[in-house]
2 protein chains.
Amino acid sequence: MNPTKTVENRREQILREAARLFAERGFHGVGVDEIGAAVGISGPGLYRHFAGKDAMLAELLVGISGRLLSAGRMRVAETADPAQALDALIRGHIDFAIDDRPLITLHDRELDRLRDSDRKLVRQLQRQYVEEWVGVVRRVYPDATELEARAAVHAVFGLLNSTPHLGAGGRAPDRTAMAALLHRLALGALEALDPGRPWTAVRTDG
Amino acid sequence: MNPTKTVENRREQILREAARLFAERGFHGVGVDEIGAAVGISGPGLYRHFAGKDAMLAELLVGISGRLLSAGRMRVAETADPAQALDALIRGHIDFAIDDRPLITLHDRELDRLRDSDRKLVRQLQRQYVEEWVGVVRRVYPDATELEARAAVHAVFGLLNSTPHLGAGGRAPDRTAMAALLHRLALGALEALDPGRPWTAVRTDG
DNA sequence: CCCGGATGTTAGCGAGCGTTAACGTGATGA
DNA sequence: TCATCACGTTAACGCTCGCTAACATCCGGG
């Protein structure tokens, strides 16, 4: 009935395969012929759906950045106190990290391949997302400085985004176990921002 | 006196600039002319020092992997108990992450661009390094399973390797403060592997 | 019946890239 | 003095890649 329906499906299919390939071999390492082959059409056929290879990457990065931000904001708005908000942010980010692995990889790896305008947009979305986290973190740990909170947030992103590094073979825990573990690790890391917290490991001077 | 001296310096200079450029724009995103220009000679002049562009990347990745592993082993061997060993591993990794930022970036980003033999070698070095960590972590936290420990180690790598994401402007703490913060964050994350540890954040059901 | 749009195809262009070839040059040492 | 070697240059080759042009096929609606 809706003629655009099949088009949209095709576009989404192309984007999914392109994301996977870009994450595996890098933006410059993948040719349009490969992307086409991955969806059963051949190279130039892609240009019926996208203006070019750059446009695919741009749509992917703008999409993931926007979804991360809006999902984060929504989850925070539904919580009652900062600790719950932090919990919700972590949970939401883990969902993205596990379910959209290729996009998470691209998100902090291929940003520089974008046109100036797209890059500015993505960076703005990313910055707002970081600010969302920093605000919550500083409310939970008021003794942390702005710089510390920001660095800690980036560090936790690195922690949560580490899933792609465990080749999904039997060497990784299943989804729920992995999500729970990452959640505990992230909370544990951020607790280091609490100065009143007792030392549990040796301090070999420093 | 030593005629190879200037050659070695040239090689090292080339490798340093190549690492920086590869980290900034990706292996495929950098041309040999750019690498040459960065050291004051022009494109093909590089072939007096390296067999090709691939050889530069291979030498960079094998080098960093080997140095990470040998430094880690040495530091562990110098400690008396597992907790100190873990402390030493974290400290050593932080030194690499902060001082060799471009190499750390390349290390987990451009591995697939290597020839099979080089890639196998780098992967083997990486695996041995991970095993070093996993062994120490499991001695400090005996209740963690093998899978948990391995995932946690990769997560901590992601955490420690997050430094490149804070564009070295005034938005990041200075070196010593950053090193201390990363150290605390990593220890805090790993403490989550201790099941007897009290909950400190809300648990909004699961 | 056939027009037109959506969606493909193949052929080929033009640019950029890694690499090689051929050549220059200055320091070194017999 | 001059052969040699280290180190660099420019020109050019061949290949790949993104993209366009031109043409084919299917299909719904007047």
Side-chain angles (χ1 to χ4, degrees), chain A residues 1-61 106 110 112-116 118-119, chain B residues 1-61 106 110 112-116 118-119:
Chain A
M1 36 185 68
N2 184 350
T4 66
K5 184 64 179 308
T6 84
V7 178
E8 287 308 307
N9 286 344
R10 200 43 141 187
R11 279 179 64 90
E12 289 166 17
Q13 184 190 12
I14 293 170
L15 286 176
R16 195 174 52 245
E17 295 303 312
R20 184 178 57 80
L21 290 167
F22 289 161
E24 280 174 8
R25 300 208 283 282
F27 179 70
H28 290 297
V30 179
V32 291
D33 289 351
E34 289 180 85
I35 303 173
V39 299
I41 70 181
S42 222
L46 295 171
Y47 288 77
R48 298 289 172 193
H49 306 276
F50 293 93
K53 200 181 153 195
D54 299 344
M56 299 180 208
L57 182 64
E59 193 160 326
L60 286 170
L61 293 191
L106 290 184
E110 308 282 359
D112 300 326
R113 280 65 169 175
L114 260 50
R115 289 172 32 225
D116 278 15
D118 293 323
R119 190 172 53 244
Chain B
M1 37 180 68
N2 185 350
T4 64
K5 186 60 179 310
T6 84
V7 178
E8 287 308 307
N9 285 346
R10 196 49 136 183
R11 277 180 64 89
E12 289 166 18
Q13 185 191 12
I14 292 170
L15 286 176
R16 195 174 50 248
E17 294 304 311
R20 183 178 56 80
L21 290 168
F22 289 161
E24 280 175 9
R25 301 208 283 283
F27 179 70
H28 290 298
V30 179
V32 291
D33 290 352
E34 291 179 86
I35 303 173
V39 299
I41 70 182
S42 220
L46 295 170
Y47 287 76
R48 296 287 172 196
H49 305 277
F50 293 94
K53 200 182 155 194
D54 299 343
M56 299 181 208
L57 182 65
E59 194 159 325
L60 286 171
L61 293 190
L106 290 183
E110 307 282 359
D112 299 326
R113 281 67 169 173
L114 260 51
R115 289 172 31 225
D116 279 13
D118 291 324
R119 190 172 53 245

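Numbers restart at 1 for each chain; the letters A, B, ... are given by sequence-line order, proteins then strands. Owing to the predicted nature of the structure, the values given are computational and were not obtained by experimental measurement.
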**Student:** Please give, in whole Å, the distance from dC7(D) C1' to Phe50(B) CZ?
**Tutor:**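 In whole Å, dC7(D) C1' lies 14 Å from Phe50(B) CZ.
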**Student:** To the nearest 0.5 Å, what is the distance between CZ on Arg119(B) and CZ on Arg113(B)?
**Tutor:**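 Arg119(B) CZ to Arg113(B) CZ: 10.5 Å, rounded to 0.5 Å.
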**Student:** Quick one: NZ on Lys53(B) to CD1 on Ile35(B), what's the gap to the nearest 0.5 Å?
**Tutor:**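 It is 6.5 Å, given to the nearest 0.5 Å.
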**Student:** Arg10(B) and Ile41(B): side chain to side chain contact (heavy atoms under 4.5 Å, CB included), yes or no, with the steps?
**Tutor:** CA-CA 11 Å; Arg10(B) 196 49 136 183; Ile41(B) 70 182; 3.1 Å; yes
**Student:** Whole Å only: how far is the CZ atom of Arg10(B) from the C1' atom of dA6(D)?
**Tutor:**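 Whole-Å distance recorded here is 12 Å.
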**Student:** The criterion is salt bridge (charged side-chain N to carboxylate O under 4.0 Å, His left out); which residues satisfy it with Arg48(B), sequence neighbours excluded?
**Tutor:**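 None.
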**Student:** Between protein and nucleic acid, restricted to nucleotides 9-12 of chain C and to nitrogen or oxygen atoms under 3.5 Å apart, what atom pairs and distances do you find?
**Tutor:**
residue: dT9(C); atom: OP1; partner: Ser42(A); partner atom: N; Å: 3.4
residue: dT9(C); atom: OP2; partner: Ser42(A); partner atom: N; Å: 2.8
residue: dT9(C); atom: OP2; partner: Ser42(A); partner atom: O; Å: 3.4

**Student:** So, using side chain to side chain donor-acceptor pair (under 3.5 Å) as the criterion, who are the partners of Arg115(A) when residues are at least two apart?
**Tutor:**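 Residues passing side chain to side chain donor-acceptor pair (under 3.5 Å) with Arg115(A): Ser117(A), Asp118(A).
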**Student:** Under the side chain to side chain contact (heavy atoms under 4.5 Å, CB included) test, which residues partner Asp54(A), sequence neighbours left out?
**Tutor:**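 Once residues adjacent in sequence are excluded, the partners of Asp54(A) under the side chain to side chain contact (heavy atoms under 4.5 Å, CB included) criterion are Phe27(A).
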**Student:** Given atom CG of Leu57(A) and atom C1' of dG18(D), what is their separation to the nearest angstrom?
**Tutor:**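 Interatomic distance, CG of Leu57(A) to C1' of dG18(D): 15 Å.
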**Student:** Quick test: give all pairs of protein nitrogen or oxygen and nucleotides 16-18 of chain C nitrogen or oxygen below 3.5 Å, distance rounded to 0.1 Å.
**Tutor:**
residue: dG18(C); atom: OP1; partner: Val30(B); partner atom: O; Å: 3.2
residue: dG18(C); atom: OP1; partner: Lys53(B); partner atom: NZ; Å: 2.5
residue: dG18(C); atom: OP2; partner: Val32(B); partner atom: N; Å: 2.9

**Student:** Between atom CD in Gln13(A) and atom P in dT7(C), what is the gap in whole Å?
**Tutor:**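 Going from Gln13(A) (CD) to dT7(C) (P), I get 13 Å.
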**Student:** Can you give the donor-acceptor pairs under 3.5 Å from side chains of residues 14-21 of chain B to other protein atoms, not counting sequence neighbours?
**Tutor:**
residue: Glu17(B); atom: OE1; partner: Arg20(B); partner atom: NE; Å: 3.2
residue: Glu17(B); atom: OE1; partner: Arg20(B); partner atom: NH2; Å: 2.6
residue: Arg20(B); atom: NH1; partner: Glu24(B); partner atom: OE2; Å: 3.4

**Student:** Check the distance between dC17(D)'s P and Leu21(A)'s CG and give it to me in whole angstrom.
**Tutor:**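 Checked: the CG to P distance equals 13 Å.
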**Student:** With heavy-atom distances below 4.5 Å as the criterion, would you say the side chains of Glu59(B) and Arg11(B) are in contact?
**Tutor:**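 Glu59(B) reaches Arg11(B) side chain to side chain.
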